[in-house]
Amino acid sequence: MRLQFMLSEIWIGLRRNLSIAVSVMLVTMVSVFLLGIGLLVQQQVDTLKGFWYDRVQVTVFMCGPNSPEKACAKGTVTPEQRDSIKAQLGEMKPLVKNVYYESEQQAFDRFKEQYKNSPISDYLQVGDIPQNYRVQLADPTKFAVVASAVEGAPGVASVQDQKKTLDKLFKVMNVVTVGSLVLAGLMVVCSVLLMATTIRQAAFSRRRETGIMKLVGASNLTIRLPFVLETVLAALLGVGLAVGGLWGATAYLLPRVARVLPAAPLIGEGAVWVLAPWLAALMLVVAVLTSWATLRRYLRV
Amino acid sequence: MIRFENVSKVYPRSTRPALSDIDLDVERGEFVFVVGSSGSGKSTLLRLVLKEEGASKGSVLVAGQDVGRLPSRKVPRLRREIGTVFQDFRLLPNKTVYQNVAFALQVLGRSGHVIRQVVPETLEMVGLDGKEKRLPHELSGGEQQRVAIARAFVNKPPILLCDEPTGNLDPTTSLDIVRLLDRINRTGTTIVMATHDDDIVDQLRKRVVELKNGHLIRDENKGVYGSGR
């Protein structure tokens, strides 16, 4: 009976304040959605880092006949110079995991294959990309060690770190993360304020009922619980919608966006299901604390 | 049952005390009229019993408990011992007669079984059987006050406080309401009724306590409204 009575009180309260309950729900939805996006992007960045840092290579370009670099003033790299560079790289184990040689022809073929749809490849000729060593590092952050060792050695034109290119991408993604987390924080503040206003209004519109409850000696819990539960219900519905949105984003939007990064591993919908209980718990705590604090102020005995 | 010991009450931002140095002892099962003109302190007296206000000085004892020292979480328990009736009825306009009375038990967590038994009994006692499904606006003033009395009494509190319960009613209806309170009083319930309805006081011949400007100026058994008005 008690539960039934409580539920009917909540139902009456929600019906009476429907528009504002819906706005609590929507604001919660937006804040949780942004928070979720921020956290998921962060996870995606971590996944990509793990994936690419394993594959990231340092490329040591050697001088070709047309190399514009100053180090190549003496002309094309000689076979002796090439062998000594290789030996130098070989000495740097275990930091250097593997060293692959790529000839001008191989470099040309690979570029053609990778950019076959791009007009640039039509203009490329064999020899435009110099012969090079592709060096795989055990720890991709130690690029500088390798670079300083071979840069300036005879026959070396330049040393290029793929990680630098990747880091630019990650920087963009980090901005997205931070941006969405800041927005999410603002939205959470919004939802807290809106919840407080809602409860104030609900408490005012039901002052007759609460007045009688106080008079006949209902406990504080009985008087306040319907208000708290209404807020919690609206907030959790908002979390539900947000989780739906996050699921949609990871299941449909992410694979589309990620087409520009072929073969990159994506976080799946599973990540959303792992995140969902935490988001729900967070908003539950926010809703309960906010409503209890507001009621302490506006529904005194 | 209710005891005031040297009680004074000064509202903030007020020059004159609402009550000053009141000594009053109401025994279990008594029926007491508190009379006096508007602003004499009648309502403040009742509010102190309910702990809607705290006394500035002295102590108020209700059923042996010092109300002033009661921690706020125990105030609901105190109020369950006291039924309250007001001049303006204070019914919930969107609930029926039955639901209004049942509400008082529901919020105390009483079982449906108890409610289905006690509410009709109480409605019959106040003379409202057959009108359970009416809404408050479909009732006369006297009937609305009977609903309010039923709601105050449905939990069988040992004390019933009435703050000018007949203030909005015509003389005949007022007398009916006070007769009903008299019947409740005979079941052993202590009743304190603030009023300035001289007819009723003179007809019932109960204990009369008169307040004037916050001072207790008269306390007599089988009293009349008197010359103090």
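Predicted model only: the values in this text are computed from it and were never measured. Letters go in sequence order (proteins before strands), and every chain restarts at 1.
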Residues, nucleotides or ligands: over 12 heavy atoms within 6.0 Å of A:Phe204 CZ: no
Which pair of non-hydrogen atoms, one from B:Pro76 and one from A:Ala218, has the smallest distance, and what is that distance? CB-O, 3.6 Å
Report, as yes or no, whether the 6.0 Å neighbourhood of atom CH2 on A:Trp292 holds more than 12 heavy atoms from other residues, nucleotides or ligands. yes
Flag side-chain contact, heavy atom, 4.5 Å: A:Ser219 against B:Arg80: yes
Distance check, rounded to the nearest 0.5 Å: A:Lys214 atom NZ versus B:Thr84 atom OG1? 13.0 Å
B:Glu52 portion near chain A, given a 4.5 angstrom heavy-atom threshold: side chain
Taking NZ in B:Lys95 as the centre, count heavy atoms belonging to other residues, nucleotides or ligands within less than 6.0 Å. Is the count above 12? yes
Answer key: most heavy-atom pairs under 4.5 Å with chain A among B:Leu78, B:Leu92, B:Ile82 is B:Leu92
Any side-chain heavy-atom pair of A:Glu9 and B:Phe103 under 4.5 Å: yes
Mind checking the CD-OG spacing from B:Gln106 to A:Ser8? Nearest 0.5 Å is all I need. 7.0 Å
Could you please spell out the steps behind the side-chain contact (heavy atoms from CB on, under 4.5 Å) verdict for B:Val107 and A:Val216? CA-CA 8 Å; B:Val107 300; A:Val216 299; 3.6 Å; yes
Give a yes or no on whether B:Lys74 atom NZ has more than 12 heavy-atom contacts from other residues, nucleotides or ligands under 6.0 Å away. no
If you count heavy-atom pairs within less than 4.5 Å of chain B, which of A:Thr222, A:Ile212, A:Ile223, A:Ile12 leads? A:Ile212
Flag yes if more than 12 heavy atoms outside B:Arg3 fall under 6.0 Å of its CZ atom; otherwise flag no. no
Taking atom CZ of A:Arg16 as the centre, report whether more than 12 heavy atoms of other residues, nucleotides or ligands fall under 6.0 Å from it. yes
Check step by step if side-chain contact (heavy atoms from CB on, under 4.5 Å) holds for B:Phe86 and A:Leu215. CA-CA 11 Å; B:Phe86 297 95; A:Leu215 208 61; 3.1 Å; yes
